[in-house]
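Everything on this sheet refers to the single structure shown next.
For clarity, every value in this text was computed on a predicted model and none was experimentally measured. Just so you know, residue 1 is the first one in the sequence shown, and it goes up from there.
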Amino acid sequence: MRNLEYCSVDSLVGQSQFIEELKKISTVLCKNNASVLLKGEKGTGRRQFAFLVHLQGKNNPEDFFEHNCRVYSERETERFFELISLLPSFDFLGKTIFISNADNLSAPLQEKLLVLLKSVREERKNIRFIFSTEVNIEDKIEQGLFLQDLYQLMSTVPVNMIPLRQRKDDILPIADYYFAKLSTVSGVGFKGFSEEALEVMKNYFWPGNIAELKNAVERAFIVGEPPYIKTSDMAIALADSLPSVETGEDKSLKTAVNAFKKSYVTKILEENNWNQTKTAKVLGIQRTYVIRLIDELQIRK
């Protein structure tokens with residue numbers, strides 16, 4: 001867990017109302033074992049927030065266990081659930097189980113997790129479950145692909161992790177946070193960011209959220225030259241942040257929205273070599289909806 005950076009409420013960096021609310025929520029969650037569901041795009045800091053909640057409860061860092069349902073096989077996930085069920089009922093220090101991409105669970109594993117959560121509650125084990133998802137699980141419930149009973153147990157406290165582009169007040173403070181950390185360990189004598197870099201960062205779309213911003217600053221320390229970090233050092237460009245939208249003479253909102261949808265979906269399809277399954281994951285929607293958008297918006301390869 002050493003690579004997880006958010007170790008205190010003060011390390012939730014930013015000036016937005018969202019960050020203030022997140023700090024308040026974390027101080028409440030650390031005092032109980034209510035199940036938490038973190039909803040949000042990749043790179044929004046769900047894993048770090050889960051670890052923060054665990055540490056604020058004055059628990060041992062080694063008692064934070066995580067499992068990515070998208071990465072591990074069905075058998076590995078089943079084995080993980082079995083190991084969790086064997087944890088002792090009475091333990092002074094609490095355990096936190098962070099299960100990411102929980103929406104990827106198969107029907108049999110959903111049943112097993114439902115049984116596990118119920119048994120933990122019945123035996124009053126000192127275990128907190130925190131789940132994360134990048135998609136709308138409610139849609140899967142409507143399609144019969146996810147158990148409603150399981151969703152209700154997972155989401156006692158739902159928390160929406162807002163993407164970075166929707167909280168612009170946090171962009172520069174986060175960039176400064178990583179700049180300060182890298183200045184300490186790298187020995188590179190940067191004085192700060194150039195004015196152009198600051199302006200571009202504020203207006204960039206940041207599809208990869210905090211993770212992308214961190215990587216951009218890290219890249220600048222590798223390829224850039226003092227005294228100031230330039231936009232080119234971070235490999236971001238304002239012109240690339242959003243797809244262009246052409247509406248012709250029709251300036252109605254509906255036309256503009258559809259034009260943006262077409263341009264953006266096409267852009268994501270191209271980035272994923274027109275793989276509809278990968279595109280659906282990036283967009284946070286079902287593959288069937290991607291197919292429908294391609295047909296409705298007349299997207300052509």
Side-chain angles (χ1 to χ4, degrees), residues 25 29 32-51 53-54 64-85 87 95-123 125 127-163 209 265 268 272 275-296:
I25 292 171
L29 293 177
N32 59 71
N33 285 340
S35 295
V36 181
L37 178 61
L38 304 177
K39 305 177 181 182
E41 298 175 5
K42 184 177 181 180
T44 49
R46 294 166 300 169
R47 181 170 174 253
Q48 288 82 357
F49 180 70
F51 190 53
V53 171
H54 175 75
F64 182 87
F65 305 93
E66 58 182 310
H67 186 84
N68 190 329
C69 297
R70 183 182 293 169
V71 173
Y72 291 101
S73 69
E74 188 151 333
R75 177 58 190 143
E76 289 171 319
T77 300
E78 184 178 23
R79 180 58 179 159
F80 180 75
F81 291 167
E82 291 171 354
L83 292 173
I84 298 305
S85 68
L87 290 173
K95 308 287 192 297
T96 296
I97 314 300
F98 177 56
I99 300 179
S100 58
N101 298 301
D103 52 277
N104 280 263
L105 289 170
S106 66
L109 287 177
Q110 290 177 38
E111 293 282 1
K112 290 183 181 295
L113 179 57
L114 179 60
V115 171
L116 174 59
L117 292 178
K118 287 181 176 179
S119 67
V120 166
R121 285 193 175 188
E122 290 171 359
E123 297 175 28
K125 291 186 177 183
I127 299 175
R128 175 192 296 107
F129 284 88
I130 300 180
F131 303 92
S132 78
T133 179
E134 297 172 17
V135 305
N136 191 338
I137 297 182
E138 290 93 333
D139 290 343
K140 288 200 165 190
I141 294 173
E142 291 181 2
Q143 297 165 19
L145 300 175
F146 205 90
L147 294 175
Q148 186 168 11
D149 288 349
L150 174 58
Y151 177 71
Q152 289 174 345
L153 285 180
M154 289 168 48
S155 58
T156 303
V157 182
V159 179
N160 292 314
M161 303 295 287
I162 299 176
N209 294 294
V265 173
I268 302 302
N272 290 278
N275 184 302
Q276 295 174 355
T277 300
K278 291 181 179 179
T279 298
K281 286 185 178 181
V282 172
L283 295 174
I285 59 178
Q286 297 295 317
R287 180 175 175 272
T288 53
Y289 188 42
V290 171
I291 295 172
R292 195 169 85 189
L293 285 173
I294 291 173
D295 181 54
E296 289 179 354

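A distance below 6.0 Å separates the ring centres of His67 and Tyr72.
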The test is salt bridge (Lys or Arg N to Asp or Glu O under 4.0 Å); show your working for Arg46 and Glu66 and say whether it passes. CA-CA 12 Å; Arg46 294 166 300 169; Glu66 58 182 310; over 6 Å; no
For Ile25 and Phe49, what are the C-alpha separation, side-chain angles and deciding distance, and is it a side chain to side chain contact (heavy atoms under 4.5 Å, CB included)? CA-CA 10 Å; Ile25 292 171; Phe49 180 70; 4.3 Å; yes
Is there a side chain to side chain contact (heavy atoms under 4.5 Å, CB included) between Gln286 and Val290 once you walk through the steps? CA-CA 7 Å; Gln286 297 295 317; Val290 171; over 6 Å; no
Begin from the C-alpha positions of Met154 and Ile137 and carry the test side chain to side chain contact (heavy atoms under 4.5 Å, CB included) through to its verdict. CA-CA 11 Å; Met154 289 168 48; Ile137 297 182; 4.2 Å; yes
After noting the C-alpha distance and the side-chain angles of Glu111 and Leu147, does the key distance pass the side chain to side chain contact (heavy atoms under 4.5 Å, CB included) rule? CA-CA 8 Å; Glu111 293 282 1; Leu147 294 175; 3.8 Å; yes
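Between Cys69 and Ile99, the shortest heavy-atom contact is SG-CG2, 3.4 Å. Here the closest non-hydrogen pair linking Ala102 and Phe146 is O-CE1, 3.6 Å. The minimum heavy-atom distance linking Phe81 with Leu116 is given by the pair O-CD2, 4.0 Å. Between Lys125 and Ile84 the shortest heavy-atom distance is NZ-O, 4.3 Å. Taking each heavy atom of Ile162 and Thr44 in turn, the nearest pair found is O-CG2, 4.1 Å. The two residues Val53 and Arg128 make their nearest non-hydrogen contact at CG1-NE, 3.9 Å.
Heavy atoms of other residues, nucleotides or ligands lying less than 6.0 angstrom from NZ of Lys112 number 12 at most. Shown here is Lys95, whose NZ atom has more than 12 heavy atoms of other residues, nucleotides or ligands within 6.0 Å.
Put simply, the side chain of Leu29 reaches to within 4.5 Å of the side chain of Val36, judged on heavy atoms. The closest side-chain heavy-atom distance from Glu134 to Lys281 is not below 4.5 Å. Counting only heavy atoms from C-beta outward, the side chains of Thr279 and Leu283 approach each other to under 4.5 Å. Put simply, the side chain of Phe129 reaches to within 4.5 Å of the side chain of Val120, judged on heavy atoms. Between Leu37 and Tyr151 there is a side-chain heavy-atom pair separated by less than 4.5 Å.
With hydrogens and angles left out, the side-chain atoms of Thr133 and Asp103 include a donor and acceptor closer than 3.5 Å. Glu74 and Thr77 form no side-chain donor-acceptor contact under 3.5 Å, judged by distance and modelled atom types alone.
Ser132 places no side-chain N or O within donor-acceptor distance of the main-chain N or O of Leu38, the cut-off being under 3.5 Å. Asn272 places no side-chain N or O within 3.5 Å of a backbone atom of Asn275 that could act as its donor or acceptor partner. The main-chain N or O of Leu105 is found under 3.5 Å from a side-chain atom of Gln110 such that the two form a donor-acceptor pair. Remark: the backbone N or O of Ile285 is not paired with any side-chain donor or acceptor of Asn136 at under 3.5 angstrom. Side-chain N or O atoms of Asn68 include one that pairs as donor or acceptor with a backbone N or O of Arg70 at under 3.5 Å.
Leu145 contributes atom CG, which lies 10.0 Å from atom CD1 of Ile141 (distance to the nearest 0.5 angstrom). Rounding to the nearest 0.5 Å places CD1 of Ile127 at 8.0 Å from OG of Ser119. The distance from atom CD of Glu78 to atom CG of Leu109, rounded to the nearest 0.5 Å, is 6.5 Å. Note that CG of Leu150 and NZ of Lys118 are 9.5 Å apart. Values are rounded to the nearest 0.5 Å. Considering OG1 of Thr288 and CD of Gln276, their distance stands at 10.5 Å, rounded to 0.5 Å. Summarising the geometry, atom CG belonging to Leu117 is positioned 11.5 Å from atom OG belonging to Ser85; distances are rounded to the nearest 0.5 Å.
No salt bridge links Arg79 with Glu76; every basic N to acidic carboxylate O contact stays at or beyond 4.0 Å.
Using cut-offs of 30° and 60° on the angle between ring planes, the pair Phe64 and Phe98 is parallel.
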